[in-house]
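First comes the structure, then the notes that go with it.
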Amino acid sequence: LLTNIFERRQEARQPFVRVVEVTEETDDPAVWGRNWPFEYDSYLRTSLPTATRYGGRGLGASDAGPAEQKLDKEPWLRRIFAGYAFASDYRDRRGHAFALFDQEQTLRVKQHKQPGACLQCHASNLNLYRFVGDGDVQRGFERVNPMPYEEARNLKDDRGELLIEHPVSCVDCHDPETLALRVTRPAFIAGIRALKAKQGVADFDVNRDATRQEMRSYVCGQCHVEYYFKGKEKTVTYPWANGVRVDDIEAYYEAEGFTDWVHGETGAPVLKAQHPEFEVWQQGIHARAGVACADCHMPYVRVGALKVSDHWVRSPLLNVNRACQPCHAVAENELIARVTTIQDRHYELLQRTARATVDLLDAIVAAKAAGATDEELEPARRLQRKAQWRLDFVAAENSMGFHAPQELARVLAEAIDDARRGQLEAVRVTRGG
Amino acid sequence: LLTNIFERRQEARQPFVRVVEVTEETDDPAVWGRNWPFEYDSYLRTSLPTATRYGGRGLGASDAGPAEQKLDKEPWLRRIFAGYAFASDYRDRRGHAFALFDQEQTLRVKQHKQPGACLQCHASNLNLYRFVGDGDVQRGFERVNPMPYEEARNLKDDRGELLIEHPVSCVDCHDPETLALRVTRPAFIAGIRALKAKQGVADFDVNRDATRQEMRSYVCGQCHVEYYFKGKEKTVTYPWANGVRVDDIEAYYEAEGFTDWVHGETGAPVLKAQHPEFEVWQQGIHARAGVACADCHMPYVRVGALKVSDHWVRSPLLNVNRACQPCHAVAENELIARVTTIQDRHYELLQRTARATVDLLDAIVAAKAAGATDEELEPARRLQRKAQWRLDFVAAENSMGFHAPQELARVLAEAIDDARRGQLEAVRVTRGG
Amino acid sequence: MKPPVLAALLACLLGIPAGVGAFTFVYAKGFSYLSSDPNACRNCHVMNEQFDGWLKSGHRHTATCVDCHLPHEGLEKWLAKADHGFRHSMAFTLQNFKEPIEITPHDRELVRVNCVRCHASFVQAVVAPSHARGAELDCMHCHAGAGHGAGG
Ligand SMILES: [Ca+2]
Ligand SMILES: [Ca+2]
């Protein structure tokens, strides 16, 4: 029975007509665009503004300037980032078209030394990795990571051509032969392997073992994840060996004895969390139901007589009829209202957690001023590290609660508990307090 | 085989035939059962055990003894209820068949004076209300509320027959003429009217204005709600005039200057929250999507060719294929796993909140012992009232987080914040602390 | 399905009475399966829900039950009809099936193939990229309502 069905599958699939050849070397999306104009056109739109109540906020191509300054919208961010590059410049994300430009413009790069590791997620970098790695991507990755950012970013090949020219591009997510989705980022290949091993799946090779539906999220998980630069090799690493819940990752860092920086006001050794969309999404009901990033952020769109994936990767709230309604037969404004209910509730709790954390900073500062010793301050500082890690983890996640509402509220509740307990510890050691 | 199918064809056309007359006076479900045997049979099953991971826990008819003691399973309950009847006996709920029996057996009734008001939700009481009210239910309700419990419960009519004989029964939710759903509890009629007024709907008469789908939840909202006994008239009152969120209800009590009791350990004036299923459900996505209590707790069950509502009102987790699968085309064990994920996460956070609240009690007790004045203790006590109200509100809600996961996590987060801030206040006024 | 059963069914389908089994099958409108008229499916009240859903669906004018639920060429089609006819009549008679009724993985795959069959030109681009495992794009993942729900 089934064999007949399988045969018919093949008939149903017609090969793409290609007007130009695209290869592993083709990092220029314009070239791919000649074969697949619909995807390319929508990809180009990632340079347009995409503001929603909480999302996007990119200013767009019309204005070559930077996106909005998060540090001004949420002043408490400057407090928790005290003494770290993020306190100098931390802005709203915007479309993929800006990925490379925004990285070059940020004061975090202009005023602070950064390694080549930064390039893993902001540029179409396979040619660079192959060149530096003598044809081997993994080796190139390892050699580029510790280079100074400017050096890596401006490397030229033998023909004197820049190796880094584009932000995330077609070849980073697609096999140029089959166009099948694929993962190209070394840190993800290693990270997902460690995670699967922890979950009992040995020797997981993502490009060999993942299903198509999984790949519709994994290609995003290449970059929308928490990371750190491991050791002096500055290896971009995803800390998933214990799992991807906030507590699992914290346990990983404790075991590694890792610290991002020493807090400028309190002297506590603290961690920086970055955009853990992939980790948080896994805690939510949608992931549980097999709903992929691309289902919502790259919904299919009808173009004439063809159905294609919308490569204008952006907030689904700008695209509800396609992003949500196929699964939720509910009016558009009602769907947006549901999201807003979740996000407003989340935002309110986020602010409360920020207040608790800032109170903790004040308390430690006061204790220090009154002459508390490092030994006396140790318990309070340890709790600051825990509280701040959780607050930052949630604040850095970009869905304002939507990807996993209950889980993120739980994390904030724990942050509040840690912050207030830290405050009690600080008060306890404050002389004449 | 043949005849099977033939019979089933007949069943499909069978109309309801009434073999006996049922009237407003018919509080005996057995009589109704002669007309509607399927519903009656399932109703009788509410005396069976219904334990799930977090739900039910009723011991069932096989054992006429009481349900499990919650106070032993969650020792912190004794601490927060110190000085109140609930500290003497507080058990797991079980099926409707036990509603009257369990109320009579609890030490909260046997060892403490209770008013007739208690009967509003535990007995089929319309005959009692009409008798005492000279035919008028509302007047009867008002007169019964302040009576001593035993007196009200044992009143006899002119023919010397007991007026209270059954727990919640058919006539409490159904119009005996049409069998349509209806609300009979005076406190709900007044409460929902106040809530709708707040929402901008003036003069709401629930039995006149509610849709059928709304009634499928309102009949439950008659009892599964937070309540208090107002004034010396002991009027059973649902505090919904400001809305039904935990903060709205708190604001209502503040305005009323209401307090349930003065805490035995700390001397704080505190509130008691009871089973706010109806209020919490309204904060969740299911209510938002128009899913009623009865959809999950009284799903349709096919008897031959007929579809009838399962009157074995119980945990839907014992009934997933009927309760959930009509809307969620997902395997049964996967659906249960989704609920467990939500409930385990919730339970863990509930325990954390309890620890914070108990820490606050300890801190106030210590401050008092060290000689702090009432004036000094006032801020800490105010925060205890807030924290305890939120913790109890969530703990008393019976879905272990499922009815509104994010909202309940938010409430617990606020409780933790209040509890720890209260602790800071208490420490501040602790001499030599 | 075991060969003997299969033979018996083919016999039924050719209209040769083969004992009570066959008679029951006929009585229960098992022969509905020989027709492509949706009402034929509705002969069993347990199909009413899906029938009503279909009436509300965008497909009511464009696809009948069998268009989606049965294969479309040759012997395979008849085998599937026999398979359905037998399993469903049996289940209906014995009332031993789980509710809500759930489509079997095999039948679900049949449906998916039919989606692509009708919509091939429209979806050619999205089904084109081949993939190592779980390669086929699952239409029902997003269009679960197709054929039975509003907007689908
Ligand atoms: Ca990090
Ligand atoms: Ca109360």
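Here is the naming used below: chain letters follow the sequence lines, and residue numbers restart at 1 for every chain. Note: hydrogens, waters and symmetry copies are ignored here, and every other heavy atom, side chains too, is used.
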Subject >> Closest-packed option against chain A by number of heavy-atom pairs under 4.5 Å, given B:Q423, B:R410, B:E407 >> reply: B:E407

Subject >> Parallel, tilted or perpendicular: rings of A:H224 and A:H275 (30°, 60°) >> reply: perpendicular

Original post:
Among A:I342, A:L412, A:T353, who wins on heavy-atom pairs under 4.5 Å with chain B?
Top reply: A:I342

Original post:
Is there a side-chain contact between B:W76 and B:T357, using heavy atoms and a 4.5 Å cut-off?
Top reply: no

Original post:
Less than 4.5 Å apart, any side-chain heavy atom of B:T266 and any of B:H263?
Top reply: yes

Subject >> Structural part of B:L349 lying under 4.5 Å from a heavy atom of chain A >> reply: side chain

Subject >> Neighbours of chain B found in residues 382-406 of chain A - heavy atoms under 4.5 Å >> reply: A:P405, A:Q406

Original post:
Under 4.5 Å, heavy atom to heavy atom, which residues of residues 276-297 of chain A contact chain B?
Top reply: A:Q283, A:I285, A:R288, A:A289

Subject >> Sub-4.5 Å side-chain heavy-atom contact between B:E265 and B:I364 >> reply: no

Subject >> Salt-bridge contact B:D362-B:R79 (side-chain N to carboxylate O under 4.0 Å) >> reply: yes

Original post:
Between B:Q351 and B:Y347, does any side-chain donor sit less than 3.5 Å from a side-chain acceptor?
Top reply: yes

**OP:** Inspect the contact between A:R345 and B:E414 and indicate whether a charged nitrogen and a carboxylate oxygen are less than 4.0 angstrom apart.
**Re:** no

Original post:
Under a 4.0 Å N-O cut-off, is there an ion pair linking B:E425 with B:R421?
Top reply: no

Subject >> Per-residue contact mode, B:H328 against chain A (heavy atom under 4.5 angstrom) >> reply: neither

Subject >> Salt bridge A:D359-A:R355, side-chain N to carboxylate O under 4.0 Å >> reply: no

Original post:
Does a side-chain N-to-carboxylate-O contact under 4.0 Å join B:R381 and B:E376?
Top reply: no

Original post:
Is the closest basic N to carboxylate O distance between A:R352 and A:E348 below 4.0 Å?
Top reply: no

**OP:** Among the options A:A415, A:A337, A:A356, pick out the one with the most heavy-atom pairs lying under 4.5 Å from chain B.
**Re:** A:A337

Original post:
Taking atom CD of A:E375 as the centre, does the number of heavy atoms from other residues, nucleotides or ligands within less than 6.0 Å exceed 12?
Top reply: no

